[in-house]
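I have placed the structure first, in the form of structure tokens, so that the comments after it can refer back to it.
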Amino acid sequence: MPLVAGVDSSTQSCKVVVRDAETGALLRQGRAPHPDGTEVDPSAWWSALAGAVDAAGGLADVAAVSVAGQQHGMVCLDESGAVVRPALLWNDTRSAGAAAELVEEAGGGAAGRRFWADAVGSVPVASFTVTKLRWLARHEPEHAARVAAVCLPHDWLTWRLAGAPGLAALRSDRGDASGTGYWSPATGDYRLDLLERALGRVPHVPAVLGPADPAGAVRPDAFRAPGGRLPDGALLGPGTGDNAAAALGVGARAGDVIVSIGTSGTVFSVADAPAADPTGAVAGFADATGRFLPLVCTLNAARVLDAAAAMLRVGLDELAELALSAPTGADGLVVVPYLEGERTPDRPLATGAVHGLTLRTSTPAHLARAAVEGLLCALADGLDALTAQGATARRVILVGGGARSAAVRRIAPEVLGMPVVVPPPGEYVADGAARQAAWVALGGAAPPTWSVRGTEEYAAAPVPAVRERYAAAREHFLDRLDRAPADDG
Ligand SMILES: Nc1ncnc2c1ncn2[C@@H]1O[C@H](COP(=O)(O)OP(=O)(O)O)[C@@H](O)[C@H]1O
Ligand SMILES: O=C(CO)[C@@H](O)[C@H](O)COP(=O)(O)O
């Protein structure tokens with residue numbers, strides 16, 4: 001009975017699960033928080049990983065470990081392997097101007113977007129690493145000059161678990177490499193010309209491993225104090241981006257669309273062919289099994305619930321009760337949830353809005369319902385974009401912290417227009433990483449079959465009027481005052 005560990009180093013926290021490699025049975029788990037903010041010193045992820053490993057009772061008995069992580073984050077290392085500056089995260093929008101510039105330089109407008117979609121499967125927006133590197137070159141040339149290697153959060157954590165044995169030992173995987181903007185899922189090659197276009201030169205980049213290729217072995221003394229006992233010589237899996245790991249964790253099949261409501265909202269499915277959406281709505285990522293992962297990502301998901309709960313001075317469970325006590329459509333009250341700007345649609349400077357206030361709709365219950373419906377409508381737009389790119393959607397599998405909300409679970413089928421399956425509350429990104437680790441440990445042509453038991457299905461008649469009202473409202477918003485377009489680029 002070999003044991004394996006999976007790590008989810010996501011935006012808000014680090015989670016670790018220990019599972020039986022053959023059956024997938026959960027033995028232990030732990031978590032630790034990450035700091036707030038859209039730029040983070042990677043050492044905070046390392047401390048959180050040590051804390052989560054400790055909370056999970058250590059990993060001394062596991063045969064393999066894989067790390068999944070938030071996508072796109074720019075981790076720059078100097079010649080000695082030290083971090084050059086805090087990492088810019090996927091939800092940091094300061095490189096929006098740089099993204100626009102990169103599209104412009106490739107022909108601008110539809111031609112520029114088509115160029116990027118054909119080259120790397122995705123049109124760059126502020127989230128992508130390539131835009132952050134351009135921002136660095138323009139705004140912090142002294143830091144840019146020190147960059148000897150650039151990698152992603154999961155690459156860096158995997159490398160640290162191996163004992164940080166020199167820049168040449170950095171490893172990535174197809175899933176996470178496809179979110180850089182300088183690696184092509186269609187060809188499986190880096191586009192170093194695009195990396196050079198962004199940064200002005202080509203730093204070292206991690207070798208991209210296949211889905212079950214080991215990335216080395218864990219170094220047992222990789223953590224200093226406190227805690228975090230590590231196994232001696234356990235294999236390191238290649239790891240992957242958190243969304244690709246979630247697809248592995250829930251065991252998505254043909255016709256399944258996964259909707260994750262975490263810090264980001266994501267809508268994605270596993271596909272046999274790469275996507276290249278010139279509108280930019282769908283990112284044409286690779287998955288963690290050798291296939292592809294067309295994906296739509298919004299910047300505003302579970303934190304819309306946090307914000308609504310804070311405004312109403314209630315907890316998340318009470319927010320759900322309030323939302324479910326209001327009528328469908330909240331009598332016309334609409335929340336446009338662009339609290340952090342937005343990525344899909346590409347509105348990095350936008351702010352959120354509340355439309356349809358009347359004496360009747362000015363109640364906590366209406367606002368709670370409109371917040372839940374608003375975040376789901378944004379994801380429903382994502383689902384439309386995904387199916388427009390050829391995805392088949394027969395049902396939605398709902399995961400992420402926001403899926404713990406009874407209101408989200410019950411309102412989702414009305415807004416998304418199809419049955420919604422909710423696995424039991426769990427850490428599906430960490431589980432996907434653990435399943436990858438099991439694949440590395442056990443070998444074989446495919447990951448071991450682990451079943452997810454106890455899923456609940458939610459069905460409801462679609463209510464198109466909710467989406468129609470949202471579609472009218474989403475065009476009306478103000479740009480933020482705290483960052484002018486001139487700050488970008
Ligand atoms: N009972 C709940 N109801 C609604 N939202 C919840 C509940 N429990 C946790 N969450 C939300 O989960 C979010 C974190 O989700 P998670 O998927 O762990 O995020 P990430 O992976 O981006 O770090 C928090 O913003 C929180 O609002
Ligand atoms: O940028 C994307 C996907 O392209 C995000 O999905 C990040 O990968 C962060 O994920 P969470 O922390 O919200 O899980």
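Both backbone and side-chain heavy atoms feed into the values below; hydrogens, waters and symmetry mates do not. All figures in this text were calculated on a predicted structure; none of them were measured in a lab. Remember, it's 1-based here, ligands and their atoms both numbered in the order they're listed.
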#### Entry: Ionic contact status for Asp381 with Arg474, cut-off 4.0 Å
yes
### Task
Could you establish whether Cys297 and ligand 2 come within less than 4.0 Å of each other, counting only heavy atoms on the residue side?
yes
### Message
Quick check on contacts: which atoms of ligand 2 are under 4.0 angstrom from a heavy atom of Phe285?
### Response
4 (O)
### Message
Looking at Arg113 and Asp346, is any side-chain nitrogen of the basic one under 4.0 Å from a carboxylate oxygen of the acidic one?
### Response
no
### Task
Please write down residue, atom name and distance for the protein heavy atom closest to atom 12 (O) of ligand 2.
Thr11 OG1, 2.5 Å
### Task
Specify side chain, backbone, both or neither for Asp306, according to which of its non-hydrogen atoms lie closer than 4.0 Å to ligand 1.
side chain
### N or O pair under 3.5 Å between Gln70 and ligand 2
no
### Summary
Near Thr266 (heavy-atom distance under 4.0 Å), the atoms of ligand 2 are 6 (O)
### Query
Under 4.0 Å from any heavy atom of His72, which atoms of ligand 2 are there?
1 (O), 2 (C), 3 (C), 4 (O)
### Task
Please say whether the positively charged group of Arg174, taken as NZ for Lys or CZ for Arg, lies over the ring of Phe292, i.e. under 6.0 angstrom from the six-membered ring centre and within 45 degrees of the axis.
yes
## Note on the structure
Ranked by distance from atom 1 (O) of ligand 2, the top protein heavy atom is Arg343 NH1, 2.8 Å
### Message
Once you restrict to heavy atoms under 4.0 Å, what part of Asn243 touches ligand 2? Side chain, backbone, both or neither.
### Response
side chain
### Query
Quick one: nearest non-hydrogen protein atom to atom 5 (C) of ligand 2, plus distance?
Ser264 OG, 3.4 Å
### Query
With a 4.0 Å cut-off on heavy atoms, does Gln12 reach ligand 2?
no
### Leu319 and ligand 1 - part of the residue with a heavy-atom distance under 4.0 Å
neither
### Query
Do Asn91 and Thr38 get their side chains close enough for a donor-acceptor pair, meaning under 3.5 Å?
no
### Message
Starting from atom 12 (O) of ligand 1, what is the nearest protein heavy atom, named by residue and atom, and what distance separates them?
### Response
Gly401 CA, 3.2 Å
## Note on the structure
Nearest heavy atom to atom 16 (P) of ligand 1, choosing from Arg404, Glu427, Lys15, belongs to Lys15
### Message
List ligand 2 atoms under 4.0 Å from Thr263, heavy atoms only on the residue side.
### Response
13 (O)
### Query
Quick one: nearest non-hydrogen protein atom to atom 10 (O) of ligand 2, plus distance?
Asp242 OD2, 2.8 Å
### Query
Charged N to carboxylate O below 4.0 Å: is that the case for Arg369 and Glu414?
yes
#### Entry: Salt bridge flag under 4.0 Å for residues Arg410 and Glu373
no
### Task
Mind telling me whether His72 and Phe285 have parallel, tilted or perpendicular rings, with 30° and 60° as the class edges?
tilted
### Message
With heavy-atom distances below 4.0 Å as the criterion, list the atoms of ligand 2 near Ser10.
### Response
12 (O), 14 (O)
